[in-house]
Amino acid sequence: MFDDALHPTPATAGRPAKWRPATEESRLTRILLIAAALGGLAILVVAPLAVVFAEALARGAAQAVTSLTRPEATSAIRLTLIVAAISVPVNAVFGIAAAWTITKFDFRGKAFLITLIDLPFSISPVVAGLALVLLFGTNSLIGGWLVASGFPIIFALPGIVLASIFVTFPFVARELIPVMIEQGRAEEEAALTLGASGWRAFLTVTLPNIKWALLYGVLLCNARAMGEFGAVAVVSGKIRGQTATMPITIEMLYNEYLSVAAFSLAAVLAALGLLTLALKTLLEWRHADQLAAGRRH
Amino acid sequence: MHIEIDEIAKSFGSTTALHPVSLAIPSGALVALLGPSGSGKTTLLRILGGLEFPTSGRVLFDGQDATGLSVQERRAGFVFQSYALFRHMTVFENIAYGLRARPRRTRPPQAEIERRVTRLLELIQLPQIAKRFPSQLSGGQRQRVALARALAIEPRMLLLDEPFGALDARVRKELRQGLREIHDSTGLTTVFVTHDQDEAMELADLVVVMSMGRIEQVGRPQDIRARPATPFVREFIET
Ligand SMILES: Nc1ncnc2c1ncn2[C@@H]1O[C@H](COP(=O)(O)OP(=O)(O)OP(=O)(O)O)[C@@H](O)[C@H]1O
Ligand SMILES: [Mg+2]
């Protein structure tokens, strides 16, 4: 509708028949591009999801539900939720602190710090897991002492949490840094000149300004924390009913040809991810006016 | 309030933004810091407001050393170049911010806050816009809201960084007059930064001409016009 108002059709504008707005592709190109995008989405995203749910329900909903109530499944779900509940807030705080440091202060080694934040993205999660085992495993100095004092890290919850925190560290900071750079320091400085303490300026000015980026980062971080496989597989020792998270349990069940159980759990994991996405969409939709106001400024 | 700048210098790493400069600003004066881009005007203004710390030298308020005072303690009404209005707050909340930020002991009650904000909106002649967001205002309106927000804290001085920089010629003229009136009615010592010599000459009681981190000349507009102290000043006010 916009296009019609802004770009009158060639006939009414009395222009040569070939005239077309510079940013507009031909009709055929447009149709092909849209078809390619939708087709790609269908094959790569929708189909796999549909298959997961179909397989879970292959022998009826009752079987699927029963498989989910077995202790193996419930403990996996509980563990995954606990890990996400710890690592997401920790990374939200770390991410805000890192983004704040990088965008609000000038100091030496800033470029290095930015690279460091990206590190978890560029090295394989398995390598990260192995590094944690070397650091905290029974054979290491710290690990030996920790095990002796009854606080093991590897093959236990702390190791899984550490691995998840490491792998998901960049999400929040990565979302926040560009937003905070774009916004600059002026509003915080204004708050300070008006008598606000640094902490008050952060709570009343910085946080509201970054809340959408923060929410987005937190949701991505959460989705990844719940789905992390590689690093957790190394540090958890895959002890059934104890240190096996949902992704790991799914893999074990699948390898044992328990396809209904495996796919039911996979469906729950996928549903948790979809729930996160729905939450984000809902929030964006309810606060659309604020979002627009924030952007236009 | 009388402001005295005593041998203030500032460098950022290897760049010197201010060589030691000294300047006395009489109480109640309207002063323009005039100079080309990069001459150190903003740096000097930010040092007065406590947003930047000088490398050496002192700032005195009414004869008292204020160099170590924090931004909050200085109580300077600061108007930023791009206004820096809080984008997620309404005009009302923007203006009320400084009052709400006060410690509980000295914070006015809600009714008093409303009364003061309403009065400030009348002062800037925009009584209707309390509920709007900054993104729904014109440039000139934003500038006036920023001024009202700075005045709300009952500042000891008013510091403005290129207050009319981003506005068209007609609005600039109007707002100049507005600033003059507000200055005259409040009697606040006011320092504003500009690189527009007409603006400085027309509005200020005292013009401070700066170049490359140094103060070239301080004087009343007519004196600077009549007797430029250095070749730089002569050239700058001719163009
Ligand atoms: N935070 C900073 N870090 C490094 N250098 C700075 C910083 N702030 C200012 N400078 C430098 O100090 C010098 C003076 O800058 P300042 O902003 O005070 O100039 P100005 O007179 O306000 O210029 P303009 O009219 O362009 O705003 C410039 O050379 C500038 O590059
Ligand atoms: Mg400047």
Side-chain angles (χ1 to χ4, degrees), chain A residues 96 99-100 102-112 175-176 178-216 283-297, chain B residues 12-13 42 45-46 48-52 69-90 93-103 106-107 132-137 139 142 145-161:
Chain A
I96 292 173
W100 178 276
I102 283 171
T103 54
K104 308 279 167 177
F105 302 111
D106 295 315
F107 55 93
R108 260 191 234 181
K110 197 158 154 172
F112 178 69
E175 284 298 323
L176 292 184
V179 175
M180 287 169 78
I181 286 178
E182 204 251 331
Q183 290 177 346
R185 315 175 200 190
E187 282 182 54
E188 279 91 5
E189 287 183 343
L192 299 182
T193 63
L194 293 168
S197 64
W199 181 238
R200 188 185 174 91
F202 174 76
L203 288 182
T204 57
V205 176
T206 314
L207 211 51
N209 277 347
I210 61 169
K211 70 179 174 202
W212 290 107
L214 180 62
L215 176 72
Y216 200 64
L283 283 167
E284 274 177 352
W285 174 69
R286 281 193 52 179
H287 300 277
D289 48 337
Q290 272 186 42
L291 267 172
R295 279 206 196 113
R296 243 183 295 136
H297 189 62
Chain B
F12 296 98
T42 297
L45 197 74
R46 287 171 61 87
L48 285 180
L51 288 169
E52 213 85 70
L69 289 188
S70 67
V71 207
Q72 292 93 345
E73 288 165 333
R74 298 212 182 186
R75 277 205 9 247
F78 207 108
V79 176
F80 290 79
Q81 191 164 2
S82 52
Y83 317 131
L85 295 175
F86 306 128
R87 66 191 85 191
H88 63 283
M89 291 182 205
T90 60
E93 288 303 324
N94 263 280
I95 298 175
Y97 188 89
L99 296 173
R100 295 204 202 284
R102 284 189 185 169
T106 53
R107 191 186 310 157
R132 292 213 215 149
F133 284 93
S135 58
Q136 299 165 323
L137 303 178
R142 282 182 203 170
V145 171
L147 186 58
R149 182 178 70 175
L151 288 170
I153 61 168
E154 300 171 309
R156 296 200 285 172
M157 63 194 140
L158 209 47
L159 307 173
L160 307 96
D161 193 356

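Lettering follows sequence order; numbering is per chain, from 1.
Looking only at side-chain heavy atoms (C-beta outward), A/Glu189 and B/Arg46 come within less than 4.5 Å of each other. The shortest distance between side-chain heavy atoms of A/Glu187 and B/Met89 does not fall below 4.5 Å. For the pair B/Tyr97/A/Val205, a side-chain contact is recorded, criterion being any heavy-atom separation below 4.5 Å from C-beta on.
To the nearest 0.5 Å, atoms CG (A/Leu207) and NE2 (B/His88) are separated by 9.0 Å. Atoms CD and OG1, from B/Gln72 and A/Thr193 in turn, are 9.0 Å apart once rounded to the nearest 0.5 Å.
Chain B forms the most heavy-atom pairs under 4.5 Å with one residue out of A/Gly184, A/Ala190, A/Ala186, A/Ser197, and that residue is A/Ala190.
Contact record, B/Ala101 with A/Leu194: CB-O, 4.4 Å, taken as the closest heavy-atom pair.
Both the backbone and the side chain of A/Gln183 come within contact range of chain B, judged by heavy atoms closer than 4.5 Å. Contact of B/Arg149 with chain A is made through backbone and side chain together, with heavy-atom distances under 4.5 Å.
Counting non-hydrogen atoms of other residues, nucleotides and ligands closer than 6.0 Å to CZ of A/Phe112 gives a total of 12 or fewer. At most 12 heavy atoms of other shown residues, nucleotides or ligands fall within 6.0 angstrom of atom OH in A/Tyr216.
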